[in-house]
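Just so we're on the same page: letters track the sequence lines, and every chain starts at 1.
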Amino acid sequence: MHNLKDIRKDFDSFEKALEKRSIDIDLNNLKNLDLQNREFIQKKESLEKEKKDISKSKDKSLFEKSKEISLAIEKINEQQKIVKESLEKILSNIPNIPHKDVPNGNDENDNIEVSKSGKIPKFDFTPKSHYELGENLRMLDFDLATKTTGSRFVFVKSKLALLERALSNFMLDTHIMKNGYEEISPPLLASENTMFGTGQLPKFENDQFEIKLEAGTGRKFLIPTAEVILTNIVKNNIIELKSLPLRYVASTPCFRKEAGSYGKDTKGMIRQHQFYKVEMVSIVEQEKCLEELERMTNCATGILDDLELPYRKVILCSGDMGFSAEKTYDIEVWLPSENKYREISSCSSCSTFQSIRMKTRYKNQKKETLYTGTLNGSGLAIGRTLIAILENFQQKDGSITVPKVLRPYMNNLEKISLN
RNA sequence: GGAGAGGUGGCCGAGUGGUUGAAGGCGCACGCUUGGAAAGCGUGUAAAGGAGCAAUUCUUUCAUGGGUUCGAAUCCCAUUCUCUCCGCCA
């Protein structure tokens with residue numbers, strides 16, 4: 001969310017910056033509502049002052065007048081409430097402003113490759129897709145998931161389940177011991193206000209799974225990413241400068257409706273309603289966002305380096321970025337069966353956008369109260385890493401070589417094969 | 001499901017109708033002290049919003065929303081969240 005004060009200061013450049021997002025929002029309406037709102041505030045405040053003075057004077061002859069003022073204030077309040085509500089509604093639906101580094105563009109085709117790394121494997125046979133490999137090994141079972149649950153779910157079995165667990169542990173260990181993140185095992189449900197804090201609500205309610213609890217309790221949602229719950233750790237806090245930066249990591253299941261992606265990636269486990277993901281979150285001083293973004297992205301690519309998987313780093317164009325982000329790097333891993341790179345991690349700086357929603361602040365050296373910067377990044381999506389390993393490390397006989405760094409996590413298993 | 005307690009500043013914690021934005025402590029900042037540090041002592045330290053180029057100033061805020069009153073952190077009602085005990089389940 002944006003600060004109205006800042007928008008007001010330079011309305012035109014705000015409007016211009018938003019154009020990059022190529023969505024239309026009625027900013028004139030916003031401008032007018034803001035003007036009206038402030039008029040109400042001024043009227044109200046002068047009345048309140050008058051009333052306060054009467055009360056302080058304890059002059060009984062003025063008590064009647066004070067009552068009248070109260071009525072007048074009430075009237076203004078009613079009018080202001082309407083204005084303020086629509087103001088906030090508009091405001092909470094405006095996305096973050098893209099950073100100036102961010103290339104202009106409409107969709108993923110306009111993203112720009114920043115770097116490439118690793119060696120693309122060469123096969124003397126036609127490489128199979130992850131779901132062929134997994135099904136042949138009898139370790140990925142989509143039909144079974146359909147039977148028990150429905151589409152876009154999968155059973156991972158046996159050695160692949162072990163691999164999935166190993167990936168989670170390996171990634172967590174790396175981020176905890178090497179990269180300075182604190183491990184968190186968080187709740188998988190988030191309250192409505194928490195979902196608002198990171199920007200999933202109100203605009204993207206359709207993508208969320210809501211859980212019905214007993215009546216009388218607030219709304220609860222399954223987290224679509226651990227970002228939601230990790231970032232909101234600092235909701236409503238004023239953090240002391242010396243405890244920044246805060247870095248959290250968690251490995252959690254994520255739940256997404258994937259509404260609007262019907263027919264997309266229906267085969268295999270690229271796009272599921274439920275998947276594991278290791279998520280990093282950083283809370284930093286606002287001017288350190290971009291620096292932290294580079295650091296975080298390196299933490300993510302470090303995992304791929306360790307796993308010896310080929311990947312490229314892409315900077316997202318303005319049209320492809322998420323609602324809360326000011327700048328995003330996607331890390332894409334090479335998938336032999338598709339002969340292209342696919343997203344495996346997304347690292348974003350959200351500048352103060354989420355902090356304003358969450359009311360997360362810190363005091364700088366000058367004792368000014370400022371909004372923190374927040375960042376989040378996958379490090380990495382476990383399901384997709386599993387896919388990448390299956391496809392990149394497949395052998396002609398359909399077996400899978402286990403990446404070296406994972407073997408200590410898998411009883412030194414070197415190869416996954418039938419039996 | 002039954003019974004009870006409570007939500008106050010960065011944190012802890014006083015405060016039951018009138019300069020209370022709020023005692024005290026912790027933390028933090030600065031200063032004194034010291035060879036240096038610690039301790040000790042002193043001073044300072046809420047947020048949001050409005051007006052103003054600014055210094056400044058005004059309003060609001062003691063979970064949230066209503067009510068009583070000239071006046072509410074303090075009284076009344078509703079909601080919400082947290083905690084404790086019993087039951088139930090794991």
Side-chain angles (χ1 to χ4, degrees), chain A residues 1-11 30-88 90-92 185-197 201 210-221 229 232-246 283-286 352-372:
Chain A
M1 199 150 69
H2 300 283
N3 241 337
L4 249 184
K5 261 191 199 170
D6 297 336
I7 298 177
R8 205 183 290 143
K9 232 181 269 169
D10 195 348
F11 197 83
L30 186 79
K31 204 174 184 175
N32 287 333
L33 287 168
D34 177 45
L35 224 59
Q36 284 178 47
N37 188 39
R38 279 185 295 155
E39 268 172 39
F40 284 133
I41 288 171
Q42 284 167 37
K43 268 191 218 162
K44 195 168 76 170
E45 287 190 350
S46 69
L47 287 173
E48 276 166 344
K49 167 100 175 105
E50 207 176 326
K51 194 179 151 186
K52 206 173 174 178
D53 288 340
I54 292 174
S55 163
K56 266 188 187 164
S57 74
K58 298 187 195 175
D59 180 347
K60 281 188 183 158
S61 66
L62 293 171
F63 286 178
E64 229 11 76
K65 165 122 183 147
S66 179
K67 274 187 180 176
E68 283 166 28
I69 294 172
S70 292
L71 287 176
I73 291 175
E74 206 171 309
K75 244 180 213 162
I76 295 172
N77 265 339
E78 276 167 30
Q79 298 175 77
Q80 195 212 352
K81 199 177 164 192
I82 297 165
V83 170
K84 209 178 163 192
E85 268 170 14
S86 29
L87 198 58
E88 261 158 23
I90 294 172
L91 217 48
S92 61
S185 175
L188 304 180
L189 294 188
S191 69
E192 190 172 10
N193 181 260
T194 292
M195 296 287 278
F196 176 84
L201 294 181
E210 184 171 359
I211 297 295
K212 293 238 182 296
L213 295 181
E214 295 183 46
T217 60
R219 301 177 75 190
K220 302 272 187 287
F221 299 84
I229 202 97
N232 275 281
I233 287 174
V234 293
K235 177 170 80 179
N236 283 124
N237 282 167
I238 298 179
I239 305 167
E240 285 192 33
L241 186 61
K242 64 177 179 185
S243 45
L244 293 177
L246 293 167
I283 315 294
V284 301
E285 294 165 65
Q286 51 179 236
T352 57
F353 188 83
Q354 293 179 325
S355 286
I356 293 172
R357 297 169 89 91
M358 295 189 299
K359 300 185 172 53
T360 303
R361 292 144 296 169
Y362 69 103
K363 304 252 192 196
N364 69 2
Q365 220 90 38
K366 291 183 203 157
K367 291 169 118 183
E368 296 163 313
T369 307
L370 301 171
Y371 287 107
T372 52

Between [M] and [N], how far apart are the [atom1] atoms? Round to whole Å, please.
N	M	atom1	result
B/U64	B/C11	C1'	23 Å
B/A14	B/G6	C1'	15 Å
B/A22	B/C58	P	14 Å

Sugar-phosphate atoms are those with a prime plus P, OP1 and OP2; base atoms are the rest. Using that split, label each nucleotide of nucleotides 56-67 of chain B B, S or - for protein heavy atoms under 4.0 Å, 5' to 3'.
-> --BBS-------
Nearest nucleotide by nearest heavy atom, which residue falls closer to the 5' end of RNA chain B, A/Glu240 or A/Asn3?
->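 Closer to the 5' end of RNA chain B: A/Glu240.
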Comparing nearest nucleotides in RNA chain B, the 5'-proximal residue of the pair A/Ile41, A/Lys242 is A/Lys242
Exercise: identify the closest heavy-atom pair between [X] and [Y]:
X	Y	value
A/Asp34	A/Leu87	N-CD1, 3.7 Å
A/Tyr371	A/Ser355	CD2-O, 3.7 Å
A/Leu4	A/Leu91	CG-CD2, 3.9 Å
A/Thr194	A/Asn232	O-ND2, 2.9 Å

Please state how far atom [atom1] in [X] lies from atom [atom2] in [N], giving the value in whole angstrom units.
X	N	atom1	atom2	answer
A/Asn236	B/G9	CG	C1'	14 Å
A/Leu241	B/C28	CG	P	13 Å
A/Lys220	B/U80	NZ	P	11 Å
A/Asp34	B/G50	CG	C1'	11 Å
A/Phe40	B/A51	CZ	P	15 Å
A/Asp6	B/G50	CG	C1'	16 Å
A/Asn193	B/U79	CG	P	21 Å
A/Glu368	B/A46	CD	P	15 Å

Kindly say if A/Lys363 contacts the phosphate of B/C28, meaning a side-chain N or O under 4.0 Å from OP1 or OP2.
->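 No, because none of the side-chain N or O atoms of A/Lys363 sits under 4.0 Å from OP1 or OP2 of B/C28.
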At under 4.0 Å, does any side-chain N or O of A/Arg38 touch on OP1 or OP2 of B/G49?
-> no
side-chain hydrogen bond (donor to acceptor under 3.5 Å, both in side chains) test vs A/Asn37 passes for just one of A/Gln79, A/Gln80, A/Gln42, A/Lys84, namely A/Gln80
Pairwise N/O distances under 3.5 Å, protein to nucleotides 68-75 of chain B:
| unit_1 | atom_1 | unit_2 | atom_2 | d |
| --- | --- | --- | --- | --- |
| B/C70 | O2' | A/Ser66 | OG | 2.8 |
| B/G71 | O4' | A/Ser55 | OG | 3.3 |

Looking only at side-chain atoms of [X], point me to the closest of [options].
X	options	result
A/Gln42	B/G50, B/A47, B/C28	B/G50
A/Thr369	B/G27, B/G50, B/A48	B/A48
A/Ile238	B/G27, B/G50, B/G10	B/G10

Residues that [X] engages under side-chain contact (heavy atoms from CB on, under 4.5 Å), provided they are two or more places apart:
X	answer
A/Thr369	A/Arg361, A/Lys363
A/Asn193	A/Ser191, A/Lys235
A/Glu210	A/Glu205, A/Arg219, A/Phe221

For RNA chain B, produce a single dot-bracket line, 5' to 3'. Pairs: Watson-Crick or G-U wobble, both distances under 3.5 Å. Symbols: ( ) within strand, [ ] crossing, | other strand, . unpaired.
-> ((((((((.[[[..)..(.....]]]((((((.......))))))((((((....)))))).[[[[[..)....]]]]])))))))....
